[in-house]
Amino acid sequence: MALGGVFLILLLAVIAVFFFLRARQGGVVSGDRIGDGLRILKANKTRYATLTREMLSETPDEELVSVVLYNLWAKMDDTLSDAQQVLSGLSQGRMRIFALYAFTGGVMENGMDKTLNGPDGVFAQECASGLVDIGAENSAEVLRGALAAGADAKEYEDTYLEAFQAEDGRARMALYIREHLEQFVDLS
């Protein structure tokens with residue numbers, strides 16, 4: 001047998017051992033990332049279903065937005081179809097943080113046109129107000145331009161995302177939460 005054939009057999013044996021050991025250790029060879037993500041989401045929705053001032057005060061800034069979102073998702077059904085109804089009964093701060101997350105995430109994922117014309121489009125005005133609240137004035141101005149442009153809103157997509165990133169929108173969201181804790185607590 002040629003040297004290349006031996007190498008191929010050795011390589012196949014190493015791969016087979018890897019998959020055998022991985023399966024034996026309880027690992028999923030295919031990598032069930034969606035399942036893992038759903039388990040993490042469910043655990044965090046349970047963990048953060050009720051927020052207190054102490055919990056938020058102890059949460060590092062880089063985790064603060066996520067903790068608030070887990071709290072909001074815990075109040076909604078799994079499809080988020082009741083998001084507007086749930087948010088309407090909550091503080092302005094919670095509404096705006098969710099709108100910022102939903103709308104900006106929608107633009108990142110689907111583009112400006114699809115977001116404005118899809119389920120997250122209902123959060124556009126609240127997002128624009130939220131951008132002002134967190135001090136991201138350039139992003140707010142670009143979004144207002146997109147809303148005024150109507151059918152030509154796609155032209156604002158890259159500019160909006162660049163402005164949001166340049167103004168460090170997520171960090172500003174965390175700072176807004178930190179400065180307005182009373183709007184994000186369920187229990188004092």
Side-chain angles (χ1 to χ4, degrees), residues 33-35 37-38 40-42 44-45 48-49 51 56 61-186:
R33 291 185 179 157
I34 293 173
L38 291 173
I40 291 167
L41 174 63
K42 184 177 180 181
N44 283 324
K45 282 171 54 174
Y48 299 115
L51 289 178
L56 289 172
D61 286 348
E62 61 274 6
E63 297 173 20
L64 202 52
V65 173
S66 295
V67 166
V68 167
L69 290 170
Y70 288 130
N71 173 262
L72 294 172
W73 291 326
K75 297 171 184 348
M76 300 172 191
D77 69 25
D78 290 340
T79 64
L80 305 182
S81 61
D82 63 345
Q84 280 186 281
Q85 179 185 351
V86 170
L87 292 169
S88 69
L90 298 176
S91 70
Q92 179 176 301
R94 285 181 177 186
M95 286 190 296
R96 294 206 169 146
I97 292 297
F98 187 84
L100 283 160
Y101 168 81
F103 186 81
T104 303
V107 174
M108 287 177 183
E109 189 74 24
N110 303 310
M112 185 68 78
D113 284 340
K114 285 185 181 177
T115 302
L116 284 170
N117 296 306
D120 293 328
V122 299
F123 298 112
Q125 292 292 340
E126 197 70 42
C127 180
S129 297
L131 289 164
V132 171
D133 286 354
I134 67 170
E137 296 288 341
N138 292 333
S139 300
E141 185 177 327
V142 173
L143 179 52
R144 285 191 296 265
L147 293 171
D152 295 325
K154 181 165 180 32
E155 295 176 18
Y156 291 83
E157 182 176 317
D158 291 338
T159 308
Y160 174 72
L161 294 174
E162 288 166 7
F164 189 80
Q165 184 174 1
E167 292 179 301
D168 206 2
R170 189 162 175 100
R172 287 178 182 264
M173 290 166 68
L175 181 61
Y176 177 84
I177 294 167
R178 183 78 62 213
E179 291 176 349
H180 300 89
L181 284 182
E182 70 283 351
Q183 292 191 41
F184 299 93
V185 297
D186 295 303

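This chain uses plain numbering: 1 for the first residue, then up along the sequence.
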message = Assess the residue pair T159 and M112 against the criterion (side chain to side chain contact (heavy atoms under 4.5 Å, CB included)); give the C-alpha distance rounded to whole Å, side-chain angles, the decisive distance to 0.1 Å, and a yes or no.
response = CA-CA 11 Å; T159 308; M112 185 68 78; over 6 Å; no
ask   = Could you walk me through whether F103 and L116 pass the side chain to side chain contact (heavy atoms under 4.5 Å, CB included) check?
value = CA-CA 8 Å; F103 186 81; L116 284 170; 3.7 Å; yes
Test side chain to side chain contact (heavy atoms under 4.5 Å, CB included) applied to R144 and V132, step by step = CA-CA 11 Å; R144 285 191 296 265; V132 171; 3.7 Å; yes
Side chain to side chain contact (heavy atoms under 4.5 Å, CB included) between Y156 and L143, worked out = CA-CA 7 Å; Y156 291 83; L143 179 52; over 6 Å; no
inquiry  = Evaluate K154 against E157 for salt bridge (Lys or Arg N to Asp or Glu O under 4.0 Å), listing each step before the verdict.
reply    = CA-CA 5 Å; K154 181 165 180 32; E157 182 176 317; 3.5 Å; yes
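For the pair L64 and L56, the minimum side-chain heavy-atom distance is below 4.5 Å. Annotation: side chain of Q92 is in contact with side chain of D133 (closest heavy-atom distance under 4.5 Å). Between L72 and L87 the shortest side-chain heavy-atom distance falls below 4.5 Å. Side-chain contact between D78 and K45 is present, with at least one heavy-atom pair separated by less than 4.5 Å. Between F164 and V107 the shortest side-chain heavy-atom distance does not fall below 4.5 Å. Using a 4.5 Å heavy-atom threshold, the side chains of Y101 and V65 count as separate. The side-chain heavy atoms of Y160 and L131, taken from C-beta on, include a pair separated by under 4.5 Å. Here the side chains of Q84 and P119 are not in contact, with every heavy-atom distance at 4.5 Å or above.
Rounding to the nearest 0.5 angstrom, the gap separating the CD atom in Q85 from the CE atom in M76 is 10.5 Å. Distance check: I97 CD1 to M173 CE gives 4.5 Å after rounding to the nearest 0.5 Å. Separation of atoms CD (E63) and CG (N44) is listed at 9.5 Å; rounding is to 0.5 Å. Put simply, CE on M95 and CG on L100 are 12.0 Å apart, with the number rounded to the nearest 0.5 Å.
In the displayed structure, E182 atom CD is contacted under 6.0 Å by more than 12 heavy atoms of other residues, nucleotides or ligands. Around the CD atom of E167, the shell of radius 6.0 Å holds more than 12 heavy atoms that belong to other residues, nucleotides or ligands. The 12-atom threshold is exceeded at NZ of K75, counting heavy atoms of other residues, nucleotides or ligands nearer than 6.0 Å. E62 CD: more than 12 foreign heavy atoms inside a 6.0 Å radius. When the shell of 6.0 Å around CD of E137 is examined, it contains more than 12 heavy atoms from other residues, nucleotides or ligands.
When all heavy atoms are compared, the tightest approach of A140 to A128 is CB-O, 3.8 Å. Shown here for D61 and A174, the closest heavy-atom pair between the two residues is O-CB, 3.5 Å. In terms of heavy-atom proximity, T104 sits nearest to C127 at OG1-SG, 4.0 Å. Heavy atoms only, all atoms of each residue included: A74 and A49 are closest at CB-CA, 3.9 Å. Closest heavy-atom contact between A163 and S139: C-OG, 3.2 Å. The two atoms that bring A146 and A153 nearest to each other are O-CB, 3.5 Å, heavy atoms only.
Formation of a donor-acceptor pair under 3.5 Å by the D82 side chain with backbone atoms of D77 is found in this model. Side chain of R96 to backbone of S91: no donor-acceptor contact under 3.5 angstrom is found.
Aromatic ring centroids of F184 and H180 lie 6.0 Å or more apart.
The aromatic rings of Y48 and Y70 lie parallel to each other, their planes meeting at an angle below 30°, with 60° marking the opposite boundary.
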